Amino acid sequence: MWKLPETRSETAFEDYKAPYDTQQALTEASRCLYCHDAPCIKACPTGIDIPNFIRKIATGNVKGSARTIFSSNILGASCARVCPVEVLCVGDCVYNAAGVPPIQIGRLQRYATDAAVEAGWRFFEAGPSSGKTVALIGAGPASLAAAHELRRQGHACVIFEKGQVPGGLNVTGVAPYKLRAEGAKAEMDWLLGIGGIDIRLGVEVGKDVSWDALQGYDAVFLGVGLGPDRLLGGELAGVHGAVAWIEKMKLGKVDLGAVREAIVLGGGNTAIDCVRELLGLGVPGVTMVYRRTEADMSGYAHEWEAARKYGAKVVWQAAPVAYVGDGAVRAVRCKTPAGEVDLPADLVLVAIGQAKLGDTLARLGVSVEGGRVVVDASGATSRKGWFAGGDLANGGKEVVNAVAEGKRAAAGIHAFLTGGGHA
Ligand code: SF4
């Protein structure tokens, strides 16, 4: 059984959306119109029956509500907090068009699912043993969702995880004001309560276990996510890849005591998360530096708006060309429309994306395009009996997408193992 370190920088953060108490949940649930053909359901990658679970909350059936949610999304508690609901279900709630505040679907989902995880309510049992065993590579949300579905069908599961903690970015990468690692762990422990999912931590396939050894399994699911942070080159002390830094902050301590000015390079959601995390951890000056304009940034507008409220500074249209410093970074030299400028920084986080791992897997006989493993509508790769999902196949999306793709692949694997598939 794995444990989280007790001293972690992320524990400085409180939830930025406080959980509902019963009265708040009942009040919000009673506002739902229980729309026929509800657009909020269509906006959810896992297709949660949102009006149904909200109606159950409204009638005091919290357990039934949680069952409805988890039936579609086995990481429904995490997703309740980490989903960008503003651009998914809440963004599509019919109330928006009427100029009325939309239903707070994520907070209601959290109300029901937190209750289930805390109480240990069990909704799903493992199916009778099929005698088949599936190897899943990587222990992130895609593999966990796939493994849970496979266990319901009676297939044994072995997950190989090269790191020391399971859960993937749901544990190591989510902004702690949305979900701290202990919250993700609690849901994962609950999920694993189905039994028969053997997670082997610290085991890297291709290094500690050969790829050939996977031939001993009846099917394989690839869910290894993305690779290391992309860097610019010429890094000095005080310059870190954003994803690696976030993991350190979530699973251990980061020392920011001497940092006066921090720069985050990038314009995506990881960059915005870093900005808020640095501000939340007490860094006096935090500036996001993005090479294009605000209109071009890939980060969500609502996240950026929140970061600005917390005091984030920004320099648009500034492309980094070099780090300045003698051993330790002192500034980032950037090319701007007004010429080159040195932006002072004693900490720099580089959030310009992560490597895609598909190319390293192409030699195993799976088709790869643009660094992503190509899958069909059942999650099958071009290699017979091998499936994939999550960031490895979609290039980097949300936890909810990984869950949806893990579920889809589990259905494909089950069909394959029972002779109904074509993979
Ligand atoms: Fe309820 Fe809004 Fe979904 Fe309609 S669209 S069912 S009002 S949450």
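Quantities reported herein were computed from a predicted structural model and do not represent experimental measurements. Remember, it's 1-based here, ligands and their atoms both numbered in the order they're listed.
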Open item on the list: Within the 4.0 Å heavy-atom shell around Leu33, which atoms of ligand 1 are there?
Closed with: 1 (Fe), 7 (S)

TODO: Determine the interplanar angle of the Trp190 and Phe123 rings, folded into 0 to 90°, and report it as parallel if under 30°, tilted if 30 to 60°, perpendicular if over 60°.
DONE: perpendicular

TODO: Around atom 6 (S) of ligand 1, find the nearest protein heavy atom and jot down its residue, atom name and distance.
DONE: Cys35 N, 3.4 Å

- [ ] Check Val134 against Tyr217 and note the closest heavy-atom contact, atom names and distance.
- [x] C-CD2, 4.1 Å

- [ ] Using side-chain contact (heavy atoms from CB on, under 4.5 Å) as the criterion, point out the one residue from Leu232, Val289, Leu265 that pairs with Val348.
- [x] Leu265

TODO: Compare every heavy atom of Leu191 with every heavy atom of His148, then report the nearest pair and how far apart it is.
DONE: CD2-O, 3.6 Å

Task: Ile105 contact mode with ligand 1 (heavy-atom cut-off under 4.0 Å) - done: side chain

TODO: Taking both backbone and side-chain atoms into account, decide whether Cys32 has an N/O/S atom under 2.8 Å from atom 4 (Fe) of ligand 1.
DONE: no

Open item on the list: Just to confirm my output: which protein heavy-atom neighbour is closest to atom 2 (Fe) of ligand 1, and how far is it?
Closed with: Cys93 SG, 2.4 Å

Open item on the list: Just to confirm my output: which protein heavy-atom neighbour is closest to atom 3 (Fe) of ligand 1, and how far is it?
Closed with: Cys40 SG, 2.3 Å

Task: Ion pair Lys42/Asp37, N-O distance below 4.0 Å - done: yes

